[in-house]
Amino acid sequence: METAENIPVADLGCGDTKLLKLLKIYPCIQLLVGVDINEEKLHSNGHRLSPYLGEFVKPRDLDLTVTLYHGSVVERDSRLLGFDLITCIELIEHLDSDDLARFPEVVFGYLSPAMVVISTPNAEFNPLFPTVTLRDADHKFEWSRMEFQTWASQVANCYNYCVEFTGVGTPPAGSEHVGYCTQIGVFRKNGGKLSEPSASQQRDQHVYKAVYTTSYPSLQQEKVLKFVLVGELLIQVDRLRLRHQRMLREQEKERGPKPWYTDSSPAPHLLLGAVFTEAEKARIENSPKPFCEGEKFYIPLQRLLTYPKLHRLCADEDRMRSLIADSVCLSSDGSAVVVDLHNSWDYRPEDN
């Protein structure tokens, strides 16, 4: 099974954890961390990040761990070193002047991620709201576009980042001059690579308190991989078994021996609406074919490995054999899955 690059992401001031919940769907992310000063809010919202039942039935390709920490964003914690992306959504306006002064040194200087995304209200948009001075009672300030861009550019220059500006929330017609409702700065580290932590950074500094953590099932976990592989294999085996029954009925009707695959009958890769590329069809057709010995139906593992869903889960015959050996019946030499050709619950036209 192919794996993608591991991208760790942290959200500072994660609050209600909605952003983390959105980010967890991305398959390349294997570590999500949220940090917030409000411990009660973290406890009450942590359950939103737990895996759903569907995420066990159809697991991720890669592991994912989600952890929520209680702590201040202006404190240094070495567990956040080496992250590709740090987001600060509607955060900086909650910082007092002392914390705002410390913020760049911690996030850009100490943590030094490859990318930082910071959003903050655009004060120029505020007159469009009825009776609004500050949008939240806890806001210490709200900047104009010039104020935010001046601060962001100074931070970028100081810590070897470049910054681009955008926003969300377009103004109504006739008020375009005020800009976006929320302004955003996207900071990228010059060179695009994470810097190696210094000796002082590498020393463990665990000042945050972990209040919630959860891990997601993934195909990197052998138990999960085995469960998914066996389930998909049994589906494919039953499709082939039912198709073989149909071929036998057709042969009986025509009262003459015919090859299992005929030009007039649908190819096995078209069974039950399966869709494959021409290359996939060729691989399936050129692999060892299923066969019968009495009432036993044999499907070679090499055949099963040509079906894309199974090949994606396991591309090696020995590996497949070891994963399924205690869940299905194998031939004496271990080269094929063996099932009964007929089951009591099969549909039989002659019964009608």
Side-chain angles (χ1 to χ4, degrees), residues 9-20 22-23 33-38 71-76 80 83-195:
V9 177
D11 182 29
L12 305 185
C14 63
D16 57 14
T17 70
K18 286 183 179 178
L19 179 59
L20 295 175
L22 292 173
L23 290 172
V33 167
V35 179
D36 203 274
I37 197 68
N38 189 328
S72 169
V73 299
V74 296
E75 294 179 304
R76 302 184 180 199
L80 268 67
F83 277 59
D84 287 273
L85 170 63
I86 290 180
T87 59
C88 309
I89 307 302
E90 309 296 286
L91 166 68
I92 60 173
E93 64 272 13
H94 292 272
L95 304 179
D96 61 30
S97 57
D98 289 340
D99 285 345
L100 183 63
R102 294 168 59 193
F103 175 82
E105 170 55 31
V106 173
V107 175
F108 294 90
Y110 175 70
L111 298 179
S112 192
M115 181 183 292
V116 180
V117 176
I118 297 176
S119 76
T120 191
N122 172 17
E124 295 169 74
F125 198 98
N126 287 355
L128 300 180
F129 295 118
T131 63
V132 169
T133 51
L134 294 179
R135 300 183 194 180
D136 188 282
D138 188 57
H139 286 185
K140 308 302 188 290
F141 60 88
E142 288 176 3
W143 279 334
S144 68
R145 286 172 291 174
M146 181 61 69
E147 288 172 320
F148 177 55
Q149 291 176 20
T150 299
W151 175 85
S153 297
Q154 290 174 347
V155 169
N157 290 334
C158 182
Y159 294 100
N160 195 31
Y161 282 78
C162 61
V163 60
E164 297 177 2
F165 298 100
T166 183
V168 293
T170 55
S175 300
E176 291 83 359
H177 62 283
V178 303
Y180 291 108
C181 179
T182 294
Q183 49 190 333
I184 298 173
V186 180
F187 300 78
R188 292 180 175 85
K189 195 167 186 63
N190 290 327
K193 293 183 178 180
L194 291 168
S195 54

* To do: Go through Phe165 and Phe148 one step at a time and tell me if the side chain to side chain contact (heavy atoms under 4.5 Å, CB included) criterion holds.
  => CA-CA 10 Å; Phe165 298 100; Phe148 177 55; 4.0 Å; yes
* **Derivation and outcome, side chain to side chain contact (heavy atoms under 4.5 Å, CB included), residues Ile118 and Leu91** => CA-CA 8 Å; Ile118 297 176; Leu91 166 68; over 6 Å; no
* Apply the test side chain to side chain contact (heavy atoms under 4.5 Å, CB included) to residues Val73 and Val106: give CA-CA distance (whole Å), side-chain angles for both, the deciding distance (0.1 Å), then the verdict. => CA-CA 8 Å; Val73 299; Val106 173; over 6 Å; no
* Please test Arg135 against Phe125 for side chain to side chain contact (heavy atoms under 4.5 Å, CB included), starting from the C-alpha separation and ending with a verdict. => CA-CA 11 Å; Arg135 300 183 194 180; Phe125 198 98; 3.6 Å; yes
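At least one donor-acceptor pair closer than 3.5 Å links the side chain of Gln183 to the backbone N or O of Trp143. With hydrogens and angles ignored, the 3.5 Å screen pairs a side-chain donor or acceptor of Ser72 with a backbone N or O of Val74. Remark: the backbone N or O of Leu20 is not paired with any side-chain donor or acceptor of Thr17 at under 3.5 angstrom. Asp36 contributes a side-chain N or O that, together with a main-chain N or O of Gly15, makes up a donor-acceptor pair within less than 3.5 Å.
Between atom CD1 of residue Ile184 and atom CD of residue Glu90 there is a gap of 8.0 Å, rounded to the nearest 0.5 Å. Atom CG of Leu111 sits about 7.0 Å away from atom CG of Leu12, to the nearest 0.5 Å. The NE2 atom of His94 lies 5.0 Å from the CG atom of Asp136; values are rounded to the nearest 0.5 Å. The distance from atom SG of Cys181 to atom CD of Glu124, rounded to the nearest 0.5 Å, is 12.0 Å. Interatomic distance, Phe108 CZ to Ile86 CD1, rounded to the nearest 0.5 Å: 9.0 Å. How far CG of Leu85 is from CZ of Phe187: 12.5 Å, rounded to the nearest 0.5 Å.
Residues Arg102 and Arg76 form no side-chain contact, since every pair of their non-hydrogen atoms from C-beta on lies 4.5 Å or further apart. Side chains of Cys162 and Asn190 form a contact here, defined as non-hydrogen atoms less than 4.5 Å apart. The closest side-chain heavy-atom distance from Tyr161 to Met115 is not below 4.5 Å.
Shown here is Lys140, whose NZ atom has more than 12 heavy atoms of other residues, nucleotides or ligands within 6.0 Å.
Contact detail for Thr182 and Ser119: the closest heavy-atom pair is CG2-CB, 3.8 Å. Shortest non-hydrogen contact noted between Trp151 and Ile92 is CZ3-CD1, 4.3 Å. Minimum interatomic distance between Gly71 and Val35 (heavy atoms only, all atoms of both residues): O-CG1, 3.7 Å. Scanning both residues, Pro171 and Val178, for their nearest heavy atoms gives CB-CG2, 3.8 Å. Counting all heavy atoms, side chain and backbone alike, Leu95 lies closest to Phe141 at O-CE2, 3.6 Å. Across all non-hydrogen atoms, the minimal contact from Glu142 to Thr133 is OE1-O, 3.7 Å.
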